[in-house]
Amino acid sequence: MEDIRKASGLVNITGKEACLELQVSRNCTPTAPVYEITVAMYGLISSVLLCVTLAGGPFISLFTDSFGFRKVGVCGSILASLGIFLSWLASRNKPNIWAIITCFGGITGLGFGMMFQPSVIIVGIYFDKWRPLATGIAMMGTGAGTIIFPPLLAMISKTWSWHEAYLFQAVVALISATFALLYIPLPTKRVKTNVRKSEADGSNLPVAIEPETLGLSSITKSMGSLMTSPTFLLISISGTITLLGLFAPYAFLVDKAMKEIGVDEKSATFLLSIIGISNTCGRLIFGLISCHPWVNCLKLTNGGLTIAGIATMLIPFTNAYYQLVIYCVIFGFGLAIFTILRSTIVVKLMGMNKFNSAFGLSLFFMGFGTLLGNPLGGWLKDTTGTYNISFYAAGAYLLLSAIMCYPLQSIRDWENRGTITVPSIITPDSIEQEHYAQRRYSLSVSLHI
């Protein structure tokens, strides 16, 4: 268990979040004042990156089912590093914005997805009672990346140039492959499976869970059934709306502090590190709290997003640096809650046997939120000349996504009417494939008179 947590956390700290800071910090990407790139165009780079990272979820689910977590994680690290290197190669003399969007956003984005998704799913499947804490520990790497990389990239960019910062992150992404090699097969696990009363005829029946034949048809069938679930659709749509506003503070808070409040660049950049610190601490704190049976993970997530949304809408009224610091702490905690409990909520509402496909397909929906969020916020800034409307919109998205999920548990209970829950044994798939088939199972019920 410890190896799984360490491997997942190291992949996150050296890979996805580390390299996302290339866009977040705006220290290594050609910026608007120097290279005449609009705020909306700049936002498109990070949006394409994050969109591909998340929208590739269904395909990555297929990859993990076919090749295993370890191979997918290693290949993702190599692909991410290659995309960063190609974007650097195409911009050696003069920044090529479309090459950056294609290589960094497209190729690297897919690589990040292949690194990120297995690191979350393998922890979610491996742990049961302590799943929120284990996920929080594993994903503390992303928070650590937010703390470390903005000032580090700023230093590299200032000492040399953004070209060297690109190469540095290509190496960082490649290093993640060594940690993905630490992913190990999972043990046989007992879970609970929902069975229709009409199928079980109200009797206490033995249930055998057998792996489906892996392939595109089984993936399509599983995801097709998810698309008919009101619970899953609400989870996915609310997640998409969350992502519309989740990255606005990263993209616009530094400029807000420098241009509208008048703080220096170092102090403004440190705001991102404050978000990272509170995010990292929050993942551990709320991960531990969420393991207690009296804690409702869904209500906690809704509360965190509600508070973060309201706080984001209040940013236009701030006029002092300490107020932004307070906001960063609140937002970091809200982000931590959403991040570590997302997979737990999917497991509890959709079931372990649908976890991989449900999580991957929900990421696909969320990818559209990242594609539209930053460019829309940048367009609002370019149009109005201020970041105020961008923050109003971002906060409203977070608040709306939370409100949508207030009745989610009731909707799930309604959807599950007429079902009974019986224990079942989930067995590992082939060890050579280095992953388990508990995410793809067909239910066979033997009636005993």
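Basis for what follows: all heavy atoms, side chains included, without hydrogens, waters or symmetry-related copies.
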**Request:** Kindly indicate, with the supporting measurements, whether the criterion side-chain hydrogen bond (donor to acceptor under 3.5 Å, both in side chains) is fulfilled by Ser229 and Glu415.
**Result:** CA-CA 8 Å; Ser229 167; Glu415 186 179 352; 2.7 Å; yes
Which pair of non-hydrogen atoms, one from [X] and one from [Y], has the smallest distance, and what is that distance?
{"X": "Gly57", "Y": "Leu363", "result": "CA-CB, 4.5 Å"}
{"X": "Ile84", "Y": "Thr108", "result": "N-OG1, 3.0 Å"}
{"X": "Leu244", "Y": "Gly369", "result": "CD2-O, 3.5 Å"}

**Item:** Ring centre gap for Phe364 and Phe59 strictly below 6.0 Å
**Value:**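 Here the rings of Phe59 and Phe364 have centres that are no less than 6.0 Å from each other.
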**Asked** Mind checking whether Phe116 and Phe112 have ring centres under 6.0 Å apart?
**Response**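 When the ring centroids of Phe116 and Phe112 are compared, they turn out to be at least 6.0 Å apart.
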**Prompt:** What is the distance from atom OH of Tyr250 to atom CZ of Phe331, rounded to the nearest 0.5 Å?
**Reply:**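 If I round to the nearest 0.5 Å, the distance is 6.0 Å.
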**Message:** Measuring from atom CG of Leu86 to atom OG of Ser81, what distance do you get when rounded to the nearest 0.5 angstrom?
**Reply:**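 Leu86 CG to Ser81 OG: 9.5 Å, rounded to 0.5 Å.
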Would you check if [X] and [Y] make a side-chain contact, meaning some heavy-atom pair closer than 4.5 Å?
{"X": "Ser236", "Y": "Leu361", "answer": "no"}
{"X": "Gln409", "Y": "Leu349", "answer": "yes"}
{"X": "Ser357", "Y": "Leu226", "answer": "yes"}
{"X": "Ile310", "Y": "Ile307", "answer": "no"}

Donor + acceptor pair across side chains of [X], [Y] (<3.5 Å):
{"X": "Ser401", "Y": "Ser238", "result": "no"}
{"X": "Tyr387", "Y": "Asp255", "result": "yes"}
{"X": "Thr240", "Y": "Tyr397", "result": "no"}

**Request:** Determine the interplanar angle of the Phe104 and Tyr166 rings, folded into 0 to 90°, and report it as parallel if under 30°, tilted if 30 to 60°, perpendicular if over 60°.
**Result:**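 Rings of Phe104 and Tyr166: tilted, as their planes differ by 30° to 60°.
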**Request:** Dump the intermediate steps for side-chain hydrogen bond (donor to acceptor under 3.5 Å, both in side chains) on Ser61 and Gln117, then the final yes or no.
**Result:** CA-CA 8 Å; Ser61 294; Gln117 190 169 324; 3.0 Å; yes
